[in-house]
Amino acid sequence: MLVSDFSRDDLIRYLKTTGIGIEIGGFWFQITSPIDDVSDHIIKLYPDAPCQLRRVFIDFPIEVRPVSGLRRWFKPLAEFVFNGSVPFTPLPIDQSPALLEWGINWCISAHVQTHLILHSAVVEKQGNAVILPAPSGSGKSTLCTALVARGWRLLSDELTLIDVSSGLVRPLTKPISLKNESISVIESFWIGSVRGKLCTDTVKGCVTHFKPPKDSVLASHEMAKPAMVIFPRFVVDSEVLIEPVDKGSAFIDLVDNAFNYHVLGQQGFHTLHRLLNTVDIYDFQYSSLDAAIIEIERRANDPS
Amino acid sequence: MKHYQAAIKLDDYLVAEFDHSVVLHGKRSDQVILVSSAVFSALRTLNNDTLYSLDQLTSLINLSINEQTDLVIKTMVNEGLLK
């Protein structure tokens, strides 16, 4: 059953009472929330996600709820609850959709140890996964979204999960987070895209989420073979510049970029070593999304 | 006269060799070190418990690599790989 199989009224009722099990990247989240913005977010951006009402095994029971107390009358806040505890500082209630998405990412990055987790977007086409690791503000999510808008499969805009046993990338297909200027750039670039509510004045500025393509969500059990690692950097008015990176230096960059390299210890080392032996690695500077996509597709089709 | 000794034992590290560089990962410490292929090659020529004079070191490393030996030794000292 998919989220879109429920009527709007039923879904809102379940979210407000028993909660509803939603599968995201093979993990089951039991989501409960009495907040309308959260219901709207799920209905609008998760229509193709598998869901179950009374799922027995749940990986992550989560709730986004209003903070109780006097404060709720003059500056209402929302809190993210995982397994009965509140891991983050509450946020203004109108940022609830962003809080839900950040909370889901935190659940994965803080608890999943079967995969090496990189802070990185990842997309796939014709069996070749391209990993885009970069710090916030580098244009990673914008480039990822642009590739998805031009037919690449979205695996994740934020967390690349590399299976320590197989070395393959596990999809974590969920709404794509964009912020500030990137939002209007993508709205112009991706005609027909669907986005959620704008959450303003967050710690990251103005944030919203774009619905992932249905094909990407339906293929979220298909692992992908890594083919390229690209460190993207948006530079205003820049030509597309691409140059190979020394793999040892890239190894160190990816250690710094990973959420759990040191938790995995030797498994983390072997997973990264295998990754770097199988991919081409580039530093990539761009300003035009169209030009960037042409270059990435050229490299993906002919790595030499 | 100043003598030098290898500051790490390669047996304590997992090794990932690439074209121009090598990553070492401490088996117990989880410490991650990036060295050039030249430095790694030099490290491999040293016995762990042996003290070397600068001349001995230069001669040993010279036998195994083509790069500037002085620079390799300086790098190894700066990066704490020689003590």
Side-chain angles (χ1 to χ4, degrees), chain A residues 109-110 113-120 131 133 135 162-167 226-231 242-283 299 303-304, chain B residues 4-46 48 57-58 60-83:
Chain A
S109 60
Q113 305 303 348
T114 51
H115 295 67
L116 177 68
I117 305 177
L118 303 177
H119 182 204
S120 167
I131 297 171
I162 302 172
D163 187 295
V164 296
S165 306
S166 66
M228 275 199 291
V229 173
I230 292 177
F231 293 93
I242 185 164
E243 58 181 41
V245 176
D246 170 68
K247 290 195 172 184
S249 303
F251 193 113
I252 300 296
D253 286 343
L254 292 174
V255 167
D256 292 340
N257 177 281
F259 285 92
N260 60 346
Y261 177 86
H262 290 289
V263 177
L264 293 176
Q266 296 190 20
Q267 265 190 326
F269 170 85
H270 292 303
T271 305
L272 261 192
H273 190 190
R274 173 159 55 182
L275 173 73
L276 291 171
N277 275 333
T278 54
V279 297
D280 296 314
I281 309 177
Y282 301 100
D283 269 336
R299 295 277 169 168
S304 62
Chain B
Y4 297 92
Q5 185 179 10
I8 65 168
K9 290 182 180 175
L10 283 181
D11 288 348
D12 293 338
Y13 288 83
L14 300 170
V15 175
E17 282 190 76
F18 301 106
D19 287 345
H20 308 293
S21 56
V22 178
V23 174
L24 306 174
H25 173 110
K27 291 176 185 171
R28 283 184 288 275
S29 65
D30 275 347
Q31 181 191 19
V32 182
I33 306 170
L34 173 66
V35 297
S36 68
S37 296
V39 166
F40 180 67
S41 179
L43 273 174
R44 275 205 298 211
T45 64
L46 304 181
N48 282 119
L57 209 53
T58 305
L60 254 180
I61 293 173
N62 245 338
L63 293 175
S64 58
I65 58 172
N66 296 320
E67 302 214 6
Q68 266 194 316
T69 307
D70 289 354
L71 186 62
V72 169
I73 292 172
K74 197 173 171 185
T75 304
M76 292 171 78
V77 171
N78 287 344
E79 294 183 357
L81 300 171
L82 279 177
K83 57 185 179 183

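Convention: sequence-line order gives letters A, B, ...; per-chain numbering from 1.
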Contact winner vs chain B - A/Ser249, A/Gly248, A/Gly265, heavy-atom pairs under 4.5 Å = A/Gly248

Aromatic plane relationship, A/Phe269 with B/His25 - under 30° parallel, 30 to 60° tilted, over 60° perpendicular =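 Tilted.
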
Parallel, tilted or perpendicular: rings of B/Phe18 and A/His273 (30°, 60°) =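 Geometry flag for B/Phe18 against A/His273: perpendicular rings.
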
Does a salt bridge link B/Asp19 with A/Lys247, judged by any charged N lying under 4.0 Å from a carboxylate O?
->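 Result for this pair is no, no salt bridge flagged.
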
Using non-hydrogen atoms only, which part of B/Asp30 is less than 4.5 Å away from chain A: side chain, backbone, both, or neither?
->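 Looking at B/Asp30, backbone and side chain both touch chain A.
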
Is chain A contacted by the side chain of B/Val23, its backbone, both, or neither, given a heavy-atom distance below 4.5 Å?
-> both

NZ/B/Lys27: more than 12 non-hydrogen atoms of other groups inside 6.0 Å | yes

